[in-house]
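Bear in mind the structure is a predicted one, so any value in this text is a computation, not a measurement. Per chain, numbering begins at 1; letters A, B, ... match sequence-line order.
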There are 2 protein chains.
Amino acid sequence: MHLSIDHNSNVPLHIQAEELLRKMIEDPQFRNGKFLPNEVELSKELQISRTTLRQALNKLVYEGLLVRKKGIGTKVSEKTVSSKSMNWKSFSQEMAARGIPIRNFELHISWVKPQEELVHFFDIKPEQKVLKLERLRGRPEGPFVYFVSYFHPAIGLSGEEDFKRPLYEILEQDYKVIATLSKEEISAKAADNFIGGKLEIDAGSPVLFRKRFVYDQDEKPIELNMGYYKSDSFIYTVESRR
Amino acid sequence: MHLSIDHNSNVPLHIQAEELLRKMIEDPQFRNGKFLPNEVELSKELQISRTTLRQALNKLVYEGLLVRKKGIGTKVSEKTVSSKSMNWKSFSQEMAARGIPIRNFELHISWVKPQEELVHFFDIKPEQKVLKLERLRGRPEGPFVYFVSYFHPAIGLSGEEDFKRPLYEILEQDYKVIATLSKEEISAKAADNFIGGKLEIDAGSPVLFRKRFVYDQDEKPIELNMGYYKSDSFIYTVESRR
DNA sequence: TATTTTAATATGTACAAACATATAAAACAT
DNA sequence: ATGTTTTATATGTTTGTACATATTAAAATA
């Protein structure tokens, strides 16, 4: 395997280097605490300056994928698999990573008048309708999450999407919108009759409630998502560093 | 107010610059979408090179405190207050930030034989005892979290701590251990009789269960923490960027 | 043999310089 | 008045260079 960088590409060198490093990290040869070649060697091999290489390395260190130590070297983190990118995987990917096959039980799309919270969040006029997406998803044996999602009118998914592709992929490829920032609120709730019915559990059973505010790179609101998770089949994981 | 950098200090210039920028961000003059002086000006004012300044800026951009745009400038993020640092505030600080006064209802310290999970997590011998810390905390009106925390024997808090200072402060100042990485698992549970009794709620009521694995900068395990949060008085928040 | 010193190695810090590119405002032409 | 081109501004990219410092292993010394 010979990784190389295209100096004539319009993609910045440190971005290309970052991608190559990500591939190296995935490689079993380097995974689990193995050391990368040192910076001088690597920069020679990739034919970029040490400064540019360090730009790429720094980003991966921030993300927690790499651990560097003065005088020793740079190794792949043992304690972290995908770091915060976890939160950015699509729901299907998240589940796939845990070896859980996913099924869609219900899918309903409609245009609705926004509630006050939505008017405020999206900063739109009250008469402007927004796209509402309801989904019931889970394992083949039964559903374990019910969620309702609202989108900014400017995105306005056509409603004819197949939703077989992950949502974030549809947004990136078809609408050139990249979800960059997400704020989430997580709490425990007792299922009411409606949610209990959807998730096939008794009313009163504990569910994990997750409310998610999604913004793009310019901090403009994209999506508001509210999900109810069956507590015995879903654990929410968070990783953070400082 | 004149911020300045000490070139004779043994603290790296980009770290000093980072601290100054953090103070600027806190300043009402710059908060909420206001623009910072441009890089060339700032680097002249601080008497450091643009490269060094950008090193500091990059870190804050990565944390989400600053938003930069080519051709425009660098501004303080409007959507983010403290970003991921939120997860690193002590519990008391977290609550203080929400205007909630905190009281300790119970505090119990003991040395116990570690369970299998602890032996594995801390990578110690089964006969090595670990410090167990149980706390019941909450508002003056009543408790809303009960947690049990175990510490690595190498840290071995003397047991004579007053625990009036935040835990992370005790660890940093007295034990020179800096908690750098945290992995958390969050789920919804139904309170059993014990937890229900502690939190003064009916057994069966939903509680937020938070299990937290804490590591230091070298990825060595420090603490394992398990908390039960009364669902109607605590919402867990997460912010993430990519 | 045990201890100390030294050297090799790898990352950390810092600056200077040059050019590229996105954005908004000003100048210009229609 | 409106659309286009230019220009000023600010961040983005990339390289080169020099020296500092933490760590480990090897060499020198007691």
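Summarising the geometry, the separation between NZ on B:Lys69 and C1' on C:dT21 is reported as 14 Å, rounded to the nearest angstrom. Between the C1' atom of C:dA24 and the CG atom of B:Asn38 lies a distance of 15 Å, rounded to the nearest Å. In this structure, CD of B:Gln16 is placed 8 Å from P of C:dA14, rounded to the nearest angstrom. We find that CZ of A:Arg68 is positioned 11 Å from C1' of C:dA10, with the value rounded to whole Å. A straight line from CD of B:Glu39 to C1' of C:dC15 spans 15 Å, rounded to a whole angstrom. At whole-Å resolution of the value, CG in B:Asn10 and C1' in C:dG12 are 14 Å apart. In this structure, the CD atom of A:Glu41 is 7 Å from the P atom of C:dA10, given to the nearest Å.
Here B:Gln16 pairs with nothing under the side-chain hydrogen bond (donor to acceptor under 3.5 Å, both in side chains) rule; sequence neighbours left out. By the side-chain hydrogen bond (donor to acceptor under 3.5 Å, both in side chains) test, B:Glu127 pairs with no residue at all, sequence neighbours left out. Under the salt bridge (charged side-chain N to carboxylate O under 4.0 Å, His left out) criterion, A:Lys59 pairs with A:Glu18, sequence neighbours left out. Under the side-chain hydrogen bond (donor to acceptor under 3.5 Å, both in side chains) criterion, B:Ser43 pairs with no residue, sequence neighbours left out. In terms of the salt bridge (charged side-chain N to carboxylate O under 4.0 Å, His left out) criterion, residue partners of B:Lys69 (sequence neighbours excluded) are, by chain and number, A:Asp218. Every residue two or more places apart in sequence or in another chain was checked for a side-chain hydrogen bond (donor to acceptor under 3.5 Å, both in side chains) with B:Glu19, and none qualifies.
If you walk DNA chain D from 5' to 3' and mark each nucleotide with an atom closer than 4.0 Å to a heavy atom of chain B, the marks span D:dT9 to D:dT13.
A:Glu39 and A:Thr74 are not linked by any side-chain donor-acceptor pair at a separation below 3.5 angstrom, with hydrogens and angles left out of the test.
A side chain to side chain contact (heavy atoms under 4.5 Å, CB included) with A:Phe151 is found for exactly one of A:Leu118, A:Leu133, A:Val130, A:Val214, namely A:Leu133.
Annotation: salt bridge (charged side-chain N to carboxylate O under 4.0 Å, His left out) contacts involving residues 115-126 of chain B, sequence neighbours excluded, comprise B:Glu117-B:Lys211.
Annotation: of the two residues near DNA chain D, A:Gln47 and A:Gly71, the 5′-most nearest-nucleotide partner is A:Gln47. Mapping A:His14 and A:Ile72 onto DNA chain D via the closest heavy atom, the residue that lands nearer the 5' end is A:His14.
Across C:dT11, C:dT13, C:dA22, the shortest atom-to-atom separation from the side chain of B:Pro12 is found for C:dT13.
Of the residues in residues 49-58 of chain B, those with a non-hydrogen atom less than 4.0 angstrom from any atom of DNA chain D are B:Arg50, B:Arg54.
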